[in-house]
Amino acid sequence: MSIELGPTTREHVQRSVEVLAEEFAGIFSRETIDAYVEESLDQFADARVEEFVPLMVERFARQRLRALAQAEGKVTKKVPEVLFVCVHNSGRSQMAAGLLDKLAEGRVHVLSAGSEPADQLNPNAVAAMSELGVDISQEFPKPLSDEVVRAADAVITMGCGDACPIYPGKRYEDWDLEDPEGKDLETVRRIRDEIRDRVERLVATLTDSESPRAQGVTE
């Protein structure tokens, strides 16, 4: 690996390589798995707590490999893929992803990313979502990668400008939403509610569901 890790952390990262190699056997070579894990490891080299690095690396590498397999037609896409992108992937896009995942109930696969990811989630965003029964506390900011854009059917951007590459045949929307960074909980609640309204309209266009509000995301 290209960064310094303690022996225990290194062992856990290597274990993640083995898990992913087995998971994607017959789809990607071991060399590809190694390369994606190493690239993902570089992305989280500055993580505040080293013990969390293997988990973040495995989840991010899995996300990228899954997206690459879909984009290249190596696996079948069973449900629509939606990608939310904001600058830091610590507030708006995480709240939107959590809400859509809850409302769609497995009928949509959701990802989120940031053009300049922060090192942790916005705690007020976590608290505001918890009030709706949506737990995003185990998520973490992730960088935007080409694979997830290529695999997405719908890409929803939130203030990240031209950072997201444009591919033909995809649905693109830009949601003009206030950035919750540095805002108090009351302001974040207001932003959350605006996101919820937009997500409810979005999910209705992606699935055959009835009114999404009836499915359990209420105050």
Side-chain angles (χ1 to χ4, degrees), residues 1-2 13-44 54-86 89 93-94 96-115 117 138-158 160-175 198-199 201-209 212:
M1 298 297 177
S2 59
V13 169
Q14 187 57 41
R15 192 175 302 159
S16 295
V17 172
E18 302 299 334
V19 168
L20 292 170
E22 181 176 351
E23 187 174 330
F24 290 94
I27 300 174
F28 295 118
S29 68
R30 178 58 179 262
E31 290 74 19
T32 298
I33 303 295
D34 284 335
Y36 269 71
V37 169
E38 183 169 348
E39 290 175 12
S40 300
L41 184 57
D42 288 341
Q43 295 285 351
F44 299 105
L55 175 61
M56 293 189 293
V57 165
E58 182 176 327
R59 288 176 62 184
F60 185 53
R62 176 179 288 109
Q63 173 181 299
R64 293 181 63 201
L65 288 163
R66 178 182 179 277
L68 180 63
Q70 289 183 339
E72 294 184 346
K74 294 181 177 179
V75 298
T76 302
K77 185 183 297 185
K78 298 180 179 179
V79 295
E81 193 94 8
V82 178
L83 171 65
F84 291 102
V85 185
C86 67
N89 192 219
S93 56
Q94 292 281 1
L99 285 163
L100 180 55
D101 186 63
K102 176 81 170 183
L103 291 169
E105 297 183 322
R107 291 166 294 170
V108 175
H109 186 256
V110 190
L111 296 174
S112 69
S115 55
Q138 301 305 305
E139 298 298 328
F140 57 93
K142 299 172 288 296
L144 181 64
S145 66
D146 184 69
E147 300 92 350
V148 297
V149 180
R150 290 170 57 197
D153 298 293
V155 180
I156 313 298
T157 57
M158 307 172 180
C160 55
D162 299 327
C164 189
I166 304 297
Y167 288 99
K170 300 186 184 300
R171 171 180 177 175
Y172 288 89
E173 292 184 23
D174 185 63
W175 291 359
R198 291 172 181 261
V199 168
R201 293 193 294 269
L202 175 66
V203 75
T205 70
L206 294 170
T207 71
D208 295 325
S209 64

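Under 4.0 Å is where a charged nitrogen must lie from a carboxylate oxygen, and between Glu39 and Arg64 at least one such pair does. A salt bridge links Glu81 with Arg66; the closest basic N to acidic carboxylate O contact falls under 4.0 Å.
Within the 4.5 Å cutoff, the side chain of Trp175 has heavy atoms near those of the Val199 side chain.
Between the CG atom of Leu206 and the CG atom of Leu202 there is a distance of 4.5 Å, given to the nearest 0.5 Å. Annotation: the span from Arg171 atom CZ to Leu83 atom CG amounts to 13.5 Å, rounded to 0.5 Å. For the atom pair Lys78 NZ and His109 NE2, the distance stands at 12.0 Å (nearest 0.5 Å). Leu41 contributes atom CG, which lies 12.5 Å from atom CD of Glu58 (distance to the nearest 0.5 angstrom). The CG atom of Leu111 sits 11.5 Å away from atom CD of Glu147, with the distance rounded to the nearest 0.5 Å. To the nearest 0.5 angstrom, Arg30 atom CZ is 10.0 Å from Leu20 atom CG.
For an aromatic pair to be called close, the ring centres must be under 6.0 Å apart, and Tyr36 with Phe28 fails this.
At distances below 3.5 Å, at least one donor-acceptor pair connects side-chain atoms of Thr157 with backbone N or O atoms of Glu173. No donor-acceptor pair under 3.5 Å is formed between the side chain of Lys142 and the backbone N or O of Phe60. The main-chain N or O of Phe140 is found under 3.5 Å from a side-chain atom of Gln94 such that the two form a donor-acceptor pair.
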Stepwise side-chain contact (heavy atoms from CB on, under 4.5 Å) check, Val19 with Arg62: CA-CA 10 Å; Val19 168; Arg62 176 179 288 109; 3.8 Å; yes

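The salt bridge (Lys or Arg N to Asp or Glu O under 4.0 Å) search around Asp101 returns none, not counting sequence neighbours.
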